[in-house]
Amino acid sequence: MLLKDIFVNLSIFSFLVSAAVVTRIFYFPIKPVKRSRLLGGCYAGVVALVLMNISIPYEGNLLDIHYIPLILSLIYLGFGPGVVTSAMILLGNLLFSSHLTLDYSIFFTTVLLFLVSFSLLKKPYQKVLLLLIEYVLVVFIMHGFFGVPLSLSFMATLICFLFVCLTIGIWLMEGHNTLYSLMNRLSELNATLKESQQELKDTIRGQQGVIFKFKKVEGKFVVTLCDGQLIRKQQLNPEIFIFSDWTKLIPASLVEPLTLYFEKAWQGHEMNFEQEWPVGKIFLFMLQPILRDGQVIEVVGSVINVTEKKRVEMALEESEREYRLIAENTSDLITVLQVNGKMKYLSPSHQTILGLSPSELIGKDFLTIFDPQDLYRLKEKFARIIVDQRPDQIEFRFQRHDEKDPVQFESRCMPVAGINGDVEYIVIVSRDISERKKAEELVLVSEKLSVVGELAAGVAHEIRNPLTTLKGFVQMFKKGEMDPIYLDIISDELDRIELITNEFLVLAKPQVVHYRLDSISSILQNVITVLTPQMNMNNIQVHMHLDGELPGISCEQSQLKQVFINIMKNAIEAMPRGGNITIRTSKAGGFIRIEVVDEGCGIPPELISRLGEPFYTLKEKGTGLGLMVCKKIIKEHGGRIDYASELDRGTTVTIELPIAR
Ligand code: ADP
Ligand code: MG
């Protein structure tokens, strides 16, 4: 009987608590907690009232568990709700109690103890234990106090009953808490999921192409997702493709090829292909099968419009083909250099003309393929092109392994600026000018010989004077008149003859071109030595104003001598009745300036621009090659030559040569 009553009590308690828990969780899952707590306190009071009314009479007392809802209310809902529950229990006592004083005392003592220990202790399990013990003690003591002692068996049964009831209560409340937080978490996750689904949808919709998914259902490909601007821009709703017969929605001619590709993707192959679409469009399709357990369950595809990209690519290819045609078939050498000197492109003509394989040379230093003699000049030239960002021209030699003579090249170097405005590449177009060079050299030699010929007369004249002197001395020696003083004069005269003949020989002999560091002053002095006889014959005085501290220049001495002889000869010839020639040297920036000023007939202004043209001469016996040779030599030395003249007043020739670094 007792057990049955206990069971009924516990069942009703469990039912009432779970009813509240279920209602709370499933019908008001996210109600504000604050308000629902007070409501909970109230409800706990109601449960207590119900339990109060079904307490079990046992050994002349009542087995009563209506304080359990109060304990649970305090623990799970807090202080305020606990007070509310207490108030309801008090009300119950007033309404239903048979031992009012005893029940009052139990109530007040218990509630007081509960509230005090509730505010003192922190941990829930400590609270539960303490509240239970307090309650049992209060019941025991109060019964004793009011002369209604409790038997040991009653106490034991009560404690067990309370304990089981409390366990069920805690169990249900904990379950509630877990479920409640799970529900909350679930609804949070649900919200996030919805948000990301929307985001994904928006992304797919917003992207420029189309994204779609398909799978095979009953032997047919069915589109399960489809969106993107490519379709929307055609004023079409992408959803018409989903779960519909898409083959009717695209041009009929494309159904077959697309189905073939879809089939391959369905077999597990990743497919990328370009598909021409009617009215001149090209779409790039990418199909990616999605596998699960080795089985394709779906294929994700994307489509982008590549028409414009294709058009540009084709135009680019076309123009590249054209350029390649030119570059690969020209007999000129086309080389593209990076600023660090490494070769980036070499035209195939390098193979035919130089015997060099372009593929082997790419990435190597340009300067390694040249004659070491030219290196210095080339380096300087490239450095200048990069700094000045201006095209320039350069000549150099290349020694082929299979030939004796080096090949001569003339190259136009074009700097190409990158995005930031700095030079990124140098494009060099080189042409074999060996033949032209040979012809030019012939001109040079013949011009030199003609000058030599003319000079010879002067030289001979000049040598004759000291020779006459020497002859006189020889006569004197024969007669035995030997004065050692004469020996010094003889030695001086011989030195002079030697000097003149040496300089003459340097000029007349063909020379291999070697650039060396030299002093401009000594070159000019030597030239004057050679020309002195001729100037003496023509009654011409030379005035030299040479700057003694000029830096050296990198030059071919014999060529520069030839330049100055030609210029001086022109000056001498411009002054048939004699006059003065002034030679001045000075430093001008990175150059050395040499001015040769005469007081001759001058050059008509309209003819000045023609100076340096081959065979342009105003003289009866002139060759018109002198200034041409000068111009060429000075240009090869990286310098410049200028003429300023006034008729019947005189001419100034200015030459500037770069200072060696
Ligand atoms: P050539 O001396 O054989 O005539 P050049 O090339 O040396 O040939 O000179 C070309 C022409 O330039 C000369 O014929 C001459 O008319 C003119 N010329 C050059 N230098 C002078 C000068 N210093 N004074 C006057 N005329 C000059
Ligand atoms: Mg001349």
Side-chain angles (χ1 to χ4, degrees), residues 436 439-459 503-504 506-508 523-524 526-528 530-545 558-585 593-637 639-657:
R436 202 180 86 197
E440 274 179 13
E441 255 149 44
L442 280 179
V443 172
L444 219 102
V445 170
S446 69
E447 159 66 13
K448 195 155 78 176
L449 288 179
S450 92
V451 174
V452 167
E454 282 172 46
L455 284 178
V459 170
E503 283 305 326
F504 190 67
V506 167
L507 198 68
I523 292 175
L524 287 169
N526 288 346
V527 167
I528 299 305
V530 182
L531 288 173
T532 310
Q534 211 183 0
M535 291 195 289
N536 288 346
M537 284 195 323
N538 289 287
N539 195 19
I540 283 168
Q541 275 81 49
V542 182
H543 307 277
M544 305 269 270
H545 301 285
S558 70
Q559 286 192 340
L560 282 195
K561 280 182 186 167
Q562 195 176 345
V563 169
F564 292 118
I565 286 174
N566 287 351
I567 288 166
M568 294 287 290
K569 261 177 54 52
N570 281 347
I572 295 168
E573 284 160 7
M575 297 187 287
R577 283 185 296 280
N580 296 302
I581 296 179
T582 311
I583 300 176
R584 222 176 278 127
T585 58
R593 178 179 295 154
I594 306 112
E595 286 166 297
V596 181
V597 188
D598 67 48
E599 299 169 345
C601 58
I603 309 163
E606 67 275 15
L607 300 183
I608 286 193
S609 62
R610 295 198 57 193
L611 296 178
E613 277 180 25
F615 309 112
Y616 174 73
T617 178
L618 295 180
K619 296 168 198 165
E620 209 178 311
K621 288 183 182 164
T623 60
L625 292 174
L627 290 183
M628 186 211 84
V629 169
C630 292
K631 192 171 152 185
K632 193 181 109 28
I633 292 175
I634 296 296
K635 194 174 135 205
E636 272 170 9
H637 280 74
R640 41 184 181 253
I641 180 164
D642 279 310
Y643 313 89
S645 187
E646 231 179 297
L647 273 180
D648 297 326
R649 276 280 171 91
T651 305
T652 303
V653 182
T654 309
I655 290 174
E656 286 183 336
L657 291 166

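What you see below is based on every heavy atom in this structure, not just the backbone, and it leaves out hydrogens, waters and symmetry mates. All ligand and atom numbering here is 1-based and tracks the order in the structure. None of these values were measured; they are calculated from a predicted model.
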Exercise. Which atoms from ligand 1 have a heavy atom of Ala574 less than 4.0 Å away?
Worked result: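 So the answer, numbered in order with elements, is 24 (N), 25 (C).
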Exercise. At their closest point, which heavy atom of Gln534 faces which heavy atom of Lys569, and how far apart are they?
Worked result: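 Looking at all heavy atoms of both residues, the closest pair is OE1-CG, 4.0 Å.
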Exercise. Looking at Ile603 and Leu647, what are the two nearest heavy atoms and their distance?
Worked result: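 Shortest heavy-atom contact: C-CD2, 3.9 Å.
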Any side-chain heavy atom of [X] within less than 4.5 Å of one from [Y]?
X	Y	answer
Val563	Val629	no
Ile581	Ile572	yes
Leu531	Val542	no

Give the residue and atom name of whichever protein heavy atom lies nearest to [atom], and the separation in Å to one decimal.
atom	answer
atom 19 (C) of ligand 1	Asn570 ND2, 3.4 Å
atom 11 (C) of ligand 1	Tyr616 O, 3.9 Å
atom 2 (O) of ligand 1	Lys619 NZ, 2.7 Å
atom 3 (O) of ligand 1	Thr623 N, 2.8 Å

Exercise. Is Leu627 close to ligand 1, meaning an N/O of one under 3.5 Å from an N/O of the other?
Worked result: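 For ligand 1, there is an N or O atom that lies under 3.5 Å from one belonging to Leu627.
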For this session: Without swapping roles, check the side chain of Asn538 against the backbone of Ile540 for a donor-acceptor pair under 3.5 Å.
Result: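 No; judged by distance alone, with no hydrogens or angles, the pair does not exist.
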Problem set entry | Heavy-atom proximity to atom 16 (O) of ligand 1, best of Leu618, Val596, Leu611, Val597 |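 Of the listed residues, Leu618 has the closest heavy atom.
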Problem set entry | Winner among Asn566, Ile603, Thr617 once heavy atoms are compared against atom 26 (N) of ligand 1 |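 Among Asn566, Ile603, Thr617, the closest heavy atom to atom 26 (N) of ligand 1 comes from Ile603.
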Exercise. Within less than 2.8 Å of the Mg ion (ligand 2), any N, O or S from Asn566?
Worked result: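 Within the cut-off used here (under 2.8 Å), Asn566 places no N, O or S atom near the Mg ion (ligand 2).
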Exercise. With Ile594, which of Ile641, Thr585, Leu560, Val653 fulfils side chain to side chain contact (heavy atoms under 4.5 Å, CB included)?
Worked result: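 Considering Ile641, Thr585, Leu560, Val653, a side chain to side chain contact (heavy atoms under 4.5 Å, CB included) with Ile594 is found only for Thr585.
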Exercise. So among Leu611, Thr652, Ile567, Thr654, which one has a side chain to side chain contact (heavy atoms under 4.5 Å, CB included) with Tyr643?
Worked result: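 The residue from Leu611, Thr652, Ile567, Thr654 that satisfies side chain to side chain contact (heavy atoms under 4.5 Å, CB included) with Tyr643 turns out to be Leu611.
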Exercise. Backbone, side chain, both or neither: what part of Asp598 comes under 4.0 angstrom of ligand 1, heavy atoms only?
Worked result: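 Just the side chain.
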Exercise. Looking at ligand 1, does Gly600 have a heavy atom less than 4.0 Å from it?
Worked result: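 No; Gly600 lies far enough from ligand 1 that no heavy-atom distance drops under 4.0 Å.
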